[in-house]
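Read the numbers this way: they start at 1 and go in the same order the structure lists the ligands and their atoms.
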Amino acid sequence: MLQSPHQRHAQAAASDPDKFWLQQAQRLRWFRKPDRGHEPAESGGTQWFADGELNVAWLALDAQVEAGRADQTALIYDSPVTQSLRRYSYAELTEEVARFAGVLADLGVVRGDRVVIYMPMIPESVIAMLACARLGAIHSVVFGGFAARELAIRIDDARPRVVLSASCGLEGERIIPYKPLLDAALDQAQHQPESTVIFQRPQCRAAMQQGRDHDWGECLARAQPVAAVPVPGNHPLYVLYTSGTTGKPKGVVRDHGGYAVAMSYSMEVVYGMQPGQVFWAASDVGWVVGHSYIVYGPLIHGCTTILYEGKPVRTPDAGAFWRVIAEHRVNALFTAPTAFRAVRKEDPEGRLMAGHDLSCLERLFLAGERLDPPTHQWLKDRTDLPVLDHWWQTETGWAIACNPVGLEAFPEKPGSAGRPTPGFLIEILDDAGQPCATGEQGMVCVRLPLPPGCLLGLWQDAERYRHGYLETFPGYYLSGDGGYIDEDGDVFIMGRTDDVINVAGHRLSTGEMEEVVASHPAVAECAVFAIADSLKGQVPLGLVVLKDGSGQPAAQLAEELVALVREKVGAIACLRRIYVVQRLPKTRSGKILRRTLRQLADGEDPAVPSTIDDPAILDEIRQVLGR
Ligand code: COA
Ligand code: AMP
C-alpha cells in the first residue's frame, strides 16, 4: 500500500532509527560526519552521533553567513517595555557572539566549563548562550522569574566557572533588579563562580563587587573574537533545569549533534518553515521553548527569529501579538495557550487585530499545556488559520506529538496534540505496563531509543534519570503525562500523573512548594496541589495543618506562607491561596489523597476513596474551601 509522507518518515525512523537519523544528519555541515547512530550516554540516556564533530553555534551563525545570509536579519529584538527595537543581521550576530566568546575565554572559560545565565529577554542573553556554545562551554539558563534560592540550588548543581546576569528585568512597568537576587543566591550557594559579568541596563544600575563582578560592556571592549571550537556530536551544549516531583530540580542535559539534527528536522517537518522566513516563539529564553525555538532552531534553519520582551497583554494592550506579527512579517507564531487566553479575556472580539496586516501569518502553534478547545476555536474564528497544538517537554527538547505540516497536514482535532512525530513511538500503558486499548487513558510512554535532540540524561545524576524515567516500564521512557490515543492515531494529553503542575505554561513542582511551606515553624504538615484556573490553566492551592499551640491567627499565617513561597520559589509560583485545616485526608497508609483534594477544590463531587482513613475530613475541607 502507498504510504503517506508522515507514515514513510515514521516507519523509516521506527524500523531503523540509526539509518534514518544518520540520513537526516546529512542536513547539517559537520566538521567530521558521523557514522555512529545511537548508543548509551554517560548521563543515563541515549546519545547520538558521538563520532561526528560539529559546533551548534557555528551552524547557527558562521555557516549561515557562508551560505549567503550575512545580510539577512537573524534576530529582531522587539521590546515594548523599553520601547526599543533592534535588528541583527547574521553577520552582526556572528561578530557579537564571537566577541563575547572572547570575553568568556578571557575569564578562563574552556570547553566543558559551565556558565550560568540569569538574564532577562535581551539580545545579550541569546549572544551569551551562543558564545558558550561556540567555546564548547555548557550554558545553564535560569528563568528570571525564579527567586534567589532557586538560583542558588542551580548554581550548586551546575558549578559554573562564570555567572552572567543583567542589572534588571522589566515586567510591564515594573523594574525587577536581578543583581540583588544574584548576590543573595551567591550568599546562599556553596559553590562560588570565579567571576560574574553583569550587563548594566539603563533602567537600573547594579552595585558591583570588586574582583568578582565584571562590567559586560568593559569586558567586551577589551575582547577579541574567537573561532568556534569543534566538539563531538555528544558533547553537552546545555543543562536546563526543570521541575521534578521533589524540591531538587532536574538538570536536563542536551548535546550539540543530536540537538542540531532535531532542530533542523523539526523546523521543516513540525513547523513547515523555509529558510529566510520569520519564526516567532513568544516564550522566554529561560524555558526549553526559548532554547529550541527562539535561539537554536530558527538560526540553524536560516530563519529570522524574534526576541520579544513583553507580555501578550498590558504591553501596552491585548493587540501586542498582532502588532509584532504584522510589523515583522511573522510567518509562524508559537506560544502557550495561556497567552491567548489572556488576549481573549481582554479583547474577546479581536478588535485589536484591526489595522494590522496579518497576511504574512501562515500558522499558529501552541504548546506548554493542553490547548483547550474554546481557545482553539477562538483562534480559529479570529484568524482562519491552522491552529496546531503539539506536545513536548523540557526533556525531549522538541515535539513528541504534532501535526507534521512540513510532511502533510492532518485535520485539526481540538483537544488533541496531533500524531506521534516521526522518531517518537508513543504507547499508552496501564499501571501493569500493559498496552491500553484505543481510547483508553493510561500513562503516555515513548518506546526507546528516544530520537536525537532528547536529553542525554540528567546532569551528574544518571541514576535519577534511570529511576525516574526508565525503570517503571523497561524499554520505555515514562513521560509523566497521562492520556490516550484515539482510533485515528491522534494523541490526547490529559495532564500530569505526578506532582508537577503547569501554571501559565510554566512547569512547577508542588513538592517544592510543600517543602517551603513545611519549613515554617508553625506548620505541622501541608499539601499543595493544582486547581483549574480559567486564565493560567492551573494554579496551586495549599492546605496546612498547624502544630498544636502555634497560636497564630490563620489568616495572618496564610499571608506569611504566601510571602514565603514567593520569596523562596519566585513570583511565578502564583501560590496565592492557602487555608488552614484541622486534618488532611489520607489513606490508611498515610498518603495524602491529592486527587480527591483537587477534585474537591475544583467543585467536583469526588467518590469517597475506599482507602481513606476518615471520610468526615472531606466535609470539613469542603467547608473551608467554600464548596
Ligand atoms: N522575571 C521576574 N518576574 C517574573 C518573570 C520574569 N521573567 N516572569 C514572570 N514574573 C512574575 C510576574 O511579574 C508576576 O508577578 P506578580 O505576582 O508580582 O504580578 C508573577 O511572576 C506571575 O507571572 P505570570 O504567571 O507570567 O502572570 P502575569 O499575570 O504577569 O501574566 C500571562 C499572565 C498569561 C500573560 C503570562 O503568564 C504569559 O504570557 N504566559 C505565557 C507563558 C509562556 O510563554 N510560557 C512558555 C511556554 S511556551
Ligand atoms: P515543560 O517541560 O516545561 O515544557 O513542560 C512539559 C509538560 O507540559 C508536559 O509534560 C505536559 O504536562 C505539559 N504540556 C506541554 N505541551 C502540552 C500539550 N500540547 N498538551 C498538553 N500538555 C502539554
Requested in this report: Return yes when atom CD of Glu559 has more than 12 non-hydrogen atoms of other residues, nucleotides or ligands closer than 6.0 Å, and no otherwise.
Outcome: no
Quick one: does ligand 1 sit under 4.0 Å from the side chain of [X], the backbone, both or neither, non-hydrogen atoms only?
| X | result |
| --- | --- |
| Met121 | neither |
| Val289 | side chain |
| Cys574 | side chain |

So, [X] versus [Y], ring centres under 6.0 angstrom or not?
| X | Y | answer |
| --- | --- | --- |
| Tyr238 | Trp459 | no |
| Tyr265 | His301 | no |
| Tyr469 | Tyr476 | no |

As an exercise, identify every atom of ligand 1 less than 4.0 angstrom from a heavy atom of [X].
| X | result |
| --- | --- |
| Pro312 | 35 (C), 39 (O) |
| Arg314 | 28 (P), 29 (O), 30 (O), 31 (O) |
| Ala282 | 44 (O) |
| Arg566 | 16 (P), 17 (O), 18 (O) |
| Tyr178 | 1 (N), 7 (N) |

Lys/Arg N to Asp/Glu carboxylate O, [X] vs [Y], below 4.0 Å:
| X | Y | value |
| --- | --- | --- |
| Lys380 | Glu412 | yes |
| Asp488 | Arg419 | no |
| Asp78 | Arg323 | yes |
| Arg341 | Asp372 | yes |
| Arg201 | Glu309 | yes |

Report task. Using distance alone, decide if ligand 1 has a nitrogen or oxygen within less than 3.5 Å of any nitrogen or oxygen in Lys536. Result -> yes
**Report entry** Contact check: Glu171 vs ligand 1, nitrogen or oxygen atoms, below 3.5 angstrom
**Finding:** yes
Report task. Using the ring of Phe146 (Phe, Tyr or Trp, six-membered ring only), decide whether Arg154 places NZ or CZ under 6.0 Å from its centre and within 45 degrees of its axis. Result -> yes
Query raised in the report: Contact between Gly145 and ligand 1, counting heavy atoms under 4.0 Å?
Result: yes
Report task. Determine whether any heavy atom of Arg341 lies closer than 4.0 Å to an atom of ligand 1. Result -> no
Query raised in the report: Out of Thr338, Val539, Ile176, whose heavy atom sits nearest atom 41 (C) of ligand 1?
Result: Thr338
For [atom], grab the closest protein heavy atom and report residue, atom and distance to one decimal in Å.
| atom | value |
| --- | --- |
| atom 26 (O) of ligand 1 | Lys311 NZ, 3.1 Å |
| atom 19 (O) of ligand 1 | Arg174 NH2, 3.5 Å |
| atom 42 (C) of ligand 1 | Ala504 O, 3.2 Å |
| atom 17 (O) of ligand 1 | Arg576 NH2, 2.8 Å |

**Report entry** Any Val330 side-chain heavy atom under 4.5 Å of Leu361 side chain
**Finding:** yes
Report task. Would you indicate whether the side-chain heavy atoms of Ser140 and Val115 approach each other to under 4.5 Å? Result -> no
Query raised in the report: Relative to each other, are the rings of Tyr293 and Trp392 parallel, tilted or perpendicular (30° and 60° limits)?
Result: perpendicular
Query raised in the report: Strictly by modelled atom types, are Trp280 and Asn331 linked by a side-chain donor-acceptor pair under 3.5 Å?
Result: no
Query - Per-atom contact, atom 47 (C) of ligand 1, protein heavy atoms, under 4.0 angstrom - result: yes
Give one line per pair: atom of ligand 2, protein atom, distance. Only N/O to N/O under 3.5 Å.
unit_1   : atom_1 : unit_2 : atom_2 : d
ligand 2 : 2 (O)  : Thr394 : N      : 2.8
ligand 2 : 2 (O)  : Thr394 : OG1    : 2.5
ligand 2 : 2 (O)  : Arg507 : NH1    : 2.6
ligand 2 : 8 (O)  : Gly368 : O      : 3.3
ligand 2 : 8 (O)  : Asn502 : ND2    : 3.1
ligand 2 : 10 (O) : Gln393 : NE2    : 3.0
ligand 2 : 10 (O) : Asp481 : OD1    : 3.4
ligand 2 : 10 (O) : Asp481 : OD2    : 2.6
ligand 2 : 10 (O) : Arg496 : NH1    : 2.7
ligand 2 : 12 (O) : Asp481 : OD1    : 2.5
ligand 2 : 12 (O) : Asp481 : OD2    : 3.4
ligand 2 : 16 (N) : Gly368 : N      : 3.1
ligand 2 : 19 (N) : Asp389 : OD1    : 2.8
ligand 2 : 19 (N) : His390 : O      : 2.7
ligand 2 : 20 (N) : Arg370 : N      : 3.4

Query - Minimum heavy-atom distance Ile155-Pro160, with the two atoms named - result: O-CD, 3.3 Å
